[in-house]
Amino acid sequence: MTATSPISPARIDASCRLPLFTLFGGAALWLVLSSVFGIAASLTFHKPTLFADCAIFTYGRAYPAWANLLIYGFAIPSGLGVGLWLLARLGRAEVAKPFLIALGAKFWHIGVLVGVIGILSGDTSGYEWFELPRYAAVILFLSFLLMAIWIFVTYSRRSVTELYPSQWFALAALFWLPWILSTAILLLQVYPVRGVAQVAIAWWFAGNLLNVWLTLAGLAVTLYLLPKLTERPLQSYYLALFVFWTLLVFGAWTGIPFSSPLPAWMSMLSSVATGLVIVPVLALISIVQATTRGARVACGGGPLCYTKFGAWMLLVVTILAALAVCPKVARVTDFTWFAQGQNALRIYGFFAMTMFGAIYHILPRVSGVTLSPSRVKLHFWLAMPGALLLALPLLGGGILQGLKLANADVTFLETVKAAMMPFRLSTLGETLIALGALVFLLNILGTIVSYYRAIAKTAYAEATALQPAEVKS
Amino acid sequence: MKSSSLVFLAAFVALSASWAGFVLAPQLQLGRAVQTKTIPAGDTYPLARPGLAQQGAEVYRSLGCVYCHSQQVGQQGTRVDVVLLNAGTNADNTLSAIAKVRPDLGKPETFIGLPKTITTVENVTAASSLVKAINDNGGKVEVNIVATGPDIERGWGRRRTVAQDYVFDHVVQPGTRRAGPDLSNVGARFPEIQWQYEHLYAPQVKVTGSTMPPYRFLFEQRRIGKVPSPEALQLTGELAPPPGYEIVPTDKARALVAYLLSLRADAPLFEAPMTPPPSAAPAAPATNSVAAK
């Protein structure tokens with residue numbers, strides 16, 4: 001096939017099938033498992049003695065298992081899969097070596113499995129959002145490289161040279177992750193630096209992972225799907241460029257909390273950066289508004305609903321994050337559940353919802369199997385309230401807790417109690433998310449199974465059709 | 001942007017700048033931190049934790065205590081307490097000297113019930129003229145630098161935690177959440193080994209209403225030998241072992257408690273000044289003042 005005759009979208013989709021099945025299938029499985037650990041962790045606050053004899057589910061292990069399965073199990077594979085499809089589609093190129101990408105994805109999933117077993121058996125590295133033991137982190141890094149190389153080759157074989165904004169975001173994400181991951185592995189696990197310098201690196205890593213990587217991968221989708229689904233042009237290209245630049249420049253400096261034993265300049269710089277991230281996000285919202293305004297497409301619980309909800313949640317969490325670094329607010333919210341509420345909003349509200357939307361858009365295309373809209377809608381109506389019901393009580397409870405923590409006349413256990421009812425409510429949110437994740441898993445597995453069943457059927461039909469011919473010869 | 005090199009250039013510039021700022025710079029500023037001297041005593045600080053406590057730090061990490069317990073005390077500022085120990089041989093002279101610099105303190109009540117804090121000011125300089133007035137008349141006065149803020153008032157520490165405190169920790173765990181109290185100085189707060197064991201085994205028994213999960217898997221039940229183990233937990237009611245058995249800590253629990261007891265970050269440092277606790281300071285000044293009475 002020459003570059004002059006464009007490759008049909010159907011062929012590109014077909015070339016994505018194997019890696020995407022592997023990436024999305026695994027991601028959905030990890031998401032379900034992650035929410036199981038999330039519920040287990042949260043049950044500690046309903047009945048502290050629940051896991052008194054069970055080291056695996058003790059809070060300090062179930063919680064990092066939740067976090068790492070969510071990020072390394074669900075978020076990164078789904079982001080990579082969606083990014084691959086976007087780069088292939090927008091560049092009009094078939095995927096280079098789909099088999100190798102799928103192999104990389106398999107190794108990645110093995111790395112996640114090894115990592116979570118490590119965490120549960122007490123081998124945690126001890127850095128928040130990077131608890132994976134060294135051996136697991138190295139597996140992840142190598143499998144990422146394997147996937148990233150062939151994703152990049154796919155991109156560079158493009159037959160359309162003009163770049164669409166989603167491509168910038170996907171490429172930057174492809175570049176960002178190996179850098180931060182290798183820094184964390186080398187300087188925290190292989191040749192660990194000494195003293196609080198560890199803390200600085202761990203927070204830098206977590207900030208770049210949660211605030212930059214997730215946003216890059218998510219916005220690649222938002223900027224593609226919104227115009228596509230509303231059948232309107234992106235408003236506008238230059239605004240998207242502005243979002244891209246400012247997000248990279250400001251986002252890279254986020255992650256160091258206001259209260260820390262690090263030198264004051266670091267917290268200060270990071271706080272300013274966290275505040276400034278509002279700029280790209282406001283620009284994004286104006287893109288969303290201008291692009292979808294007047295569109296006559298009902299969202300109906302489909303991909304458009306997911307994407308729009310995600311973008312709005314990004315705005316909310318960015319504003320909350322900016323507020324929470326103001327010294328007056330930080331004195332209340334630091335060390336409380338407030339940060340956890342933000343994480344929930346960012347990961348479940350923005351990122352996961354955006355990915356669900358993208359995956360529900362992509363899967364039918366690559367598999368040729370139509371998804372039942374009611375099941376997509378069911379997932380939406382579990383995941384959306386789930387994210388809110390998880391995040392809002394944590395945010396509110398965090399404030400109640402923080403107000404009491406700031407007043408030394410209140411006993412410590414009173415501060416814990418202040419957040420207890422809201423926290424228990426958030427368990428309900430996590431449960432809805434778990435149910436949603438289950439629907440998501442069934443949707444994906446259903447697609448994969450139907451696809452292979454269809455193949456088998458045709459193969460069988462062909463085989464049986466051939467028989468008379470064979471008899472004749 | 002037409003070309004991908006621009007995309008990569010943007011990403012490279014943005015990420016390498018923050019890498020230099022938050023990865024490289026702290027390494028240069030703090031990564032080579034070594035021991036320092038406490039002020040004013042001049043003791044070496046910090047000391048490496050003993051071997052068992054070192055192992056305990058690993059247990060602490062592996063059990064994820066950090067998700068509930070921070071190890072960083074915050075501080076909002078300092079105040080200076082001026083403590084009058086005695087008024088000198090001629091109290092009237094001292095009083096008039098005090099009245100010159102601080103009219104509000106130039107009353108006989110100032111001398112009632114010594115030693116006591118007669119005033120609290122913002123910094124040492126603000127107290128200097130007062131101190132001079134008292135000293136010149138043979139009176140004795142102590143100027144105490146006291147850290148302030150809710151963490152300090154809760155008794156979580158005597159000063160804020162600084163980078164220096166973590167020099168010997170590998171996998172520094174400052175924590176970001178306080179579903180449990182800060183543990184930077186828990187060794188000073190709960191120095192009793194047996195209390196720590198029993199708290200880990202059954203927090204709700206030791207502290208009514210505690211929401212801390214029990215760590216019973218760090219203990220083992222075994223048949224009582226010739227003599228009961230001195231480490232055996234004193235448990236009653238539901239938690240008590242069957243007759244003839246005792247519950248003792250495993251090696252992990254022993255290491256963990258050794259680590260907890262080693263947690264103590266309250267030495268006065270240049271970057272976190274405060275007046276040392278009486279026990280840590282050399283005994284000399286205290287005995288002097290008693291003798292002078």
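We name chains A, B, ... by the order of the sequence lines, and we start the count at 1 in each one. Keep in mind that this is a model prediction, so the values were computed, not measured.
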So for Thr208(B), is it side chain, backbone, both, or neither that comes closer than 4.5 Å to the heavy atoms of chain A? backbone
More than 12 heavy atoms of other groups within 6.0 Å of Ile39(B) CD1: yes
Please state whether the side chain, the backbone, both or neither of Thr58(A) comes within less than 4.5 Å of a heavy atom of chain B. side chain
At a 4.5 Å cut-off on heavy atoms, which part of Phe412(A) comes close to chain B: side chain, backbone, both, or neither? both
Partners meeting ring-ring contact (aromatic ring centres under 6.0 Å, His included) with Phe250(A) (sequence neighbours left out): none
For chain B, which of Ser156(A), Pro263(A), Pro257(A), Ala339(A) has the most heavy-atom pairs under 4.5 Å? Pro263(A)
So CZ of Phe169(A) and OG1 of Thr215(A): to nearest 0.5 Å the spacing works out to 9.5 Å
Please flag which part of Leu405(A) lies under 4.5 Å from any non-hydrogen atom of chain B: side chain, backbone, both or neither. both
More than 12 non-hydrogen atoms from neighbouring residues, nucleotides or ligands closer than 6.0 Å to CD on Glu153(B), yes or no? yes
Chain B heavy atoms under 4.5 Å from Trp253(A): which part of the residue, side chain, backbone, both or neither? both
Select one option (side chain, backbone, both, neither) describing which atoms of Gln204(B) are under 4.5 Å from chain A's heavy atoms. side chain
Measuring centre to centre across the rings, with the benzene-like ring taken for any Trp, is Tyr237(A) within less than 6.0 Å of Trp168(A)? yes
What's the separation between atom CZ in Arg61(A) and atom CG in Asp123(A), rounded to the nearest 0.5 Å? 9.0 Å
Check whether the side chains of Ser18(B) and Trp204(A) place a donor and an acceptor atom closer than 3.5 Å, and report yes or no. yes
Heavy atoms under 4.5 Å from chain A: which residues of residues 58-71 of chain B carry them? Arg61(B), Ser62(B), Leu63(B), Gly64(B), Tyr67(B), Cys68(B), Ser70(B)
Is a donor from one side chain sitting under 3.5 angstrom from an acceptor on the other, for Thr254(A) and Asn211(A)? yes
Pair Asp165(B) + Arg159(B), salt bridge at N-O below 4.0 Å: yes
Check the surroundings of atom CZ in Phe217(B): do more than 12 heavy atoms from other residues, nucleotides or ligands lie under 6.0 Å from it? yes
Given the side-chain rings of Tyr127(A) and Phe205(A), with only the six-membered ring counted for Trp, is the space between their centroids under 6.0 Å? no
Measuring heavy-atom distances to chain B, does Phe51(A) have an atom under 4.5 Å in its side chain, in its backbone, in both, or in neither? backbone
Under 4.5 Å from any heavy atom of chain B - which part of Phe152(A): side chain
Tell me, for Ser121(A) versus chain B, whether the close heavy atoms (under 4.5 Å) come from the side chain, the backbone, both or neither. neither
Per-residue contact mode, Asn208(A) against chain B (heavy atom under 4.5 angstrom): side chain
Ranking Trp19(B), Phe8(B), Tyr166(B), Phe22(B) by heavy-atom pairs under 4.5 Å to chain A gives rank one to Phe22(B)
Checking Ala202(B) against chain A: side chain, backbone, both or neither under 4.5 Å from a heavy atom? neither
Does Phe45(A) have its ring centroid less than 6.0 Å away from the ring centroid of Trp337(A)? yes
Applying a strict 4.5 Å limit to non-hydrogen atoms, the region of Leu216(A) in contact with chain B is neither
Applying a strict 4.5 Å limit to non-hydrogen atoms, the region of Gln167(A) in contact with chain B is neither
Considering only heavy atoms, which portion of Val207(B) lies under 4.5 Å from any heavy atom of chain A: side chain, backbone, both, or neither? side chain
